[in-house]
Structure formats: C-alpha cells, structure tokens
Amino acid sequence: MFESIKKNIKQALLIDYVDLEIDVKSIQLELLFDEKGDLTTNICMQYAKLLSSSPKKIAESILQNFKHPLIKEIQLAGPGFINFFFNDDGFESLLKFQKEPNSQAKSINIEFVSANPTGPLHLAHGRGAVVGDVLSNLYEFNGYKVDREYYVNNTGNQINEFLSSILFSISETHSLSLPYQQYYKGDYIKEIANSCYEKFKESINDNISTDQKNEIANFAIDNLVNKSLEVLKSSNINFNSVIYETDIMKKNHFSKALSVLKDKKLVYDGKLKQPKDYKKTKKENNISIFKSSNFGDDEDRALTKNDGTPTYFANDIAYHLDKVDRGFDKLINIWGADHLGYLTRLKSALKSVKDDIDFEVVFCQIVNLKRNNVIQKLSKREGTILELDSLINEIGTDNFRYFMCYRKNDTHMDLDIDLIKKENKENPIYYIQYASARTFSVLKKKNDIVDKSLIWSSELKILYKKLFQWHDVITQASNRNEVHLIAHYLENLASCFHSYWSASKARPELRFLDDNQNISSHHEYLLTRFQSTLNDGLSILGIKSKTEM
RNA sequence: GCACUCGUAGCUCAGUAGGAUAGAGCACCAGAUUCCUAAUCUGGGGGUCACAGGUUCGAUUCCUGUCGAGUGCGCCA
C-alpha cells in the first residue's frame, strides 16, 4: 500500500520534472499520529537541491498531479512536508495488510547468560537473560530458526580457586585441616561443599588425586549450572544447548585458527609487557600474540600463556568457530558491560579467520537496584549481592521479564523494586493487560454480528494506524536488536485502545456493542486483530496476556 | 591516563539513518463516568535536549572541544 503511494508520488514528480531519476525506495513515507495528517513525506526538501528549486515549488507540483484511490486530501505543510489524509478505504486497508511469511528461514545462534560456574546468578545476569530470551523470541517470530545457547567456562584458575574454596569449607566443617585456601565465600559454597562431602567423603583426605579433584570440581560445577538453569527456567528462559569449554577444547579449532592467523601475519611470537600482579611462573618463554592493535584495539593480545596453554581469548575464538562449524547463518552474543573492551579483539580475530562471519554482540548495561528511593550499590565485598532467584521471587516472573527489557539494553537502568511491587496503575503490564481484558469482555458479551459501517473518529483512526505499525516495530527491533521497542509499542497500543474506549463514554455511537449487545463485523475484526497483536507482542516478551483481570 | 557507553521535564525514561510546536509514565493542578470493568479517559503547568563551537535550507540527532556520570583497561575468565 505504501509502495503504490510512493509510486504515485514519483509519477506526480515526473510530470513537471521529466528528467528526474528517482528510486521509489528512496522516498520516505511515514505515518503521522496527530491532526497534521495520516502520512507524510519530506521528498520535496530532499530533492530541492538536486532540482535547484524550492521545496514548496516542488510540493505544488506534486499537489497538483498526485492522485491515489486511498488518499482523499494532500496538503503542503511546514517547511515543505507533504501530508496525506486517508479516505475510509485507506484506513480499512491498513488492517488488510498481512505479514508475508519469511521464505528463507535462516538459522541463528543466540548465546546469553553464560555465567561463570563459580557462583549463583545475580541481578546483572537477569538483564542479559531476559534480553537474550526476548530477542530469541523475536527472531523466531520473524521466522528464524533460533538456537539458545548457554556456555560454561569450566577451565582456568577460577575453577581451581572454586574447588579450593569447596575443599576449604569441607575441611573447616569437618575439622580436617586440609591445605586449601578460601577464595569464594558465601552460603552457596557451604551447600555445595556439603553435597560434595556426601558424595566424595571416602576420597577426601590429605592426598586427593588429580582425577578425584576433577571429579569433585565437575560435580560442583554441574550442581551450580543446573541450579542456574533451574532459576532461569522458572522464568520461562530455556536453552537448546549448554556447551562446556572443555568439550570445545577437544575439537582443536584453535590450532586451525592459529595457522590461518599466522598465514595472514596477524600472529607473532614474542613478549608482552608484564601484567600487574604477575606472581606466577616467571619463565621468559615467548607467547603467541594476536595483532589486535591492527584493528583498533589498545594493544596486542596474548593467545597463549607462558606455560603454552591457550588463554581465555584463544578458547573463545575456538568456541565461536565451533558455532560457525555447526552451520549457523548468524551469531549473536549477549554480553554485560564489563566485556565492552573485549569486543574489538574477538570480532577482529573471528573476521580474520572467517571474513563472512555474521557476528553481533548486544551489550546490556549495569542494573542498579533501587529500594526506598535509594540506589543500592551491589557488591560482593559489601555482602549486598542479590541473587537472581530471590529477586524473581520478590517481584514475580512477569515483572521481572517486563522491567528487564523495557529500557534500551545499552543504557544504565535503575530497577525500582518498590514501584514494581505496587502492582497498580503505575505498572505498565497491568495497563496493557487491562486493555486485553476489555476486548475479551466485549466479545464475550456480544450477541449477534451485524453489518454496520464504522464511524471514523480520530481515536479510531489512530488505533488503526498504530496496529498497522506493528510490523515496522518488529522489523526495526530485530534489525537493531532492541527489544525495548516492543515493550514501548505495546504500552502505546494499549493507550490508543483505552482512548478509543473512553471516547465512547461521550459518544455512545462509537461503542463496540449497541443497545442489543450486537457488534458490527468491522468492530469484531478490529478487536480480534488488536488481541492478536497484543498477544504476539506479549508472547515475544514472554508474558501471558489476560482474558480477564 | 586511554577506550567504550551515556548526559533529554521535579523523578524514571522514550525519541533522533538531520525535519514541523521535543514525547510518555509517575508526581502536581483541573475535569469526565446511569454505560462494554475507574487497574480508564480528557485538559493544564513544567524543557537552554549538559556547555561551547563547526557542518547546512534546517542540529536534541552528525563532527570537534569542555564539563559531568558509569564501565573496562591481565600471559583472569
């Protein structure tokens, strides 16, 4: 419909400007939601320079020559905008528009949460979890085949320290005086330590074999990972695959990647300046270094450690190449703000190995918790860490999901616990669900469907235009990986509906049901269309729409 | 110090591939309701879009600088 209007704009222009070369796609035609009109284009201002003419003169030409069966009036406005007004057919055709099914089903891997398996999930993970899940829903809605992935970094020092902390706890509880240090604290360590002791008490002594240690560590890691997955599952966040770093390492992707990078002269053997707090092996071995400074990184980055083992960076390259091997067309990672500086190095390394890789990262900024109007600084040291589990229990799944994705993902956010818990009109979810409930109420009470034409009040026009906008919203949300657009649209859509509803208080002829509780076929279609749009939007957010309050 | 993200109403935040009078919710003020659920609606006050330059028909949006906030800056993961 927009296309045919654009085509007619072009034709109108060509009458006075015969030589003008103009691509229909370049014509911007946007919906208006106020009394200025229904559609607008700025084409006259765009082409003023090229045609060496004033916008208003060009506009006059269009005004004179433009015709379209769905447009009843066009006006010149402001500095050179052309505004269009729909006729009744024009408005009705807005809801005839149907989304075309996506024929080329692409596959996409979305990796999110991927928390270190050394502690329970907390607030910061919550935002990434919801954004990742909602983004997955969105891509699925758009016809993609989505794989939701959770990655477990079960190697490295952190695991040694984790295990040491568990053994320390066991030693303390059972007065065994084993030689282990405490790195991680907290009740969860004690709990895991107890489970480990129950299972492995036979072999826990002064001299635990390496194999036994690995077994204990793996048991403890699985314990934590499963607990985290359970917490997420309780909010309907589920994963298709859980991938362990150790399994990826076995596949040898890294050595292949290394040789590609070496061929491209992007890797050299050498030394980097000694890192801070460098107390471990002081060997002066050369290490493999990736020239990430070629790609705008601050400095080159180590791929191997002094003892020859791969760094986290190296394993991460391998992990992402494994995703490519598994045949995904597109990769998206959800990362916390603490990884901002890490993107350049990983992306440039991946592009260097495989230049056609479609790899994007969505960053989730810090979430502050606000209680009693005071922002609480959450820190492990202060003991003010809030486990995700208890947050969700406190505010409920729907609130958790909604409030974690109604702000743009890459800006800081204050989560006002007191406001969320109010569960009244200040809470947007209730506002949206109330609109849904109203539609169900009408359809439940209706008697017969009658043939009666619509009265095009300004509120109804806006509601039609808003419903039409849904397709643009999901397109833009997935193009930009911004899920908050959906939440905002739903609030907006609900608001348009409530306005129309209330307008009928003053004008009873606008009501859905007449005196005999009959409904017009147009109204019935409008209501079901509204319901399905609301329902689509809410299910992308992972929230159930209500049929009654 | 360097890099990235950001600075919009009293508060929490949208918006900006450069466009008309910069929006919403909350708070505040004034109204609406025999009615399909008042968990709603309508109207009002409230802004130097941090500041200063630049680019042009036009800048909150792009560029540069300044100030302020946050995050990151390991051969940790």
Are the ring centres of A:Phe497 and A:Tyr500 closer than 6.0 Å?
no
Once hydrogens and angles are ignored, does a donor-acceptor distance under 3.5 Å link the base of [N] to the side chain of [X]?
{"X": "A:Arg301", "N": "B:C75", "result": "no"}
{"X": "A:Asn83", "N": "B:A20", "result": "yes"}
{"X": "A:Ser504", "N": "B:C36", "result": "yes"}
{"X": "A:Ser502", "N": "B:A32", "result": "no"}

Quick one: sort the A:Tyr406 and A:Tyr402 rings into parallel, tilted or perpendicular, breaks at 30° and 60°. tilted
Quick note, A:His498 side chain, CB onward, closest among B:U40, B:A77, B:A20 is B:U40
Testing B:A20, B:U5, B:A77 for proximity to the side chain of A:Phe81, the answer is B:A20
Across all chains, not counting sequence neighbours, the side-chain hydrogen bond (donor to acceptor under 3.5 Å, both in side chains) partners of A:Arg345 are none
Contacts under 3.5 angstrom, residues 455-462 of chain A side chains, donor-acceptor by atom type, not counting sequence neighbours:
{"unit_1": "A:Ser457", "atom_1": "OG", "unit_2": "A:Leu460", "atom_2": "N", "d": "3.2"}

Nearest-nucleotide check on RNA chain B, A:Ser441 vs A:Ile82; residue mapping nearer the 5' end is A:Ile82
Of A:Asp410 and A:Glu491, the one whose nearest nucleotide on RNA chain B sits closer to the 5' end is A:Asp410
note: A:Leu303, atom CG; B:G74, atom C1'; distance rounded to Å ~ 14 Å
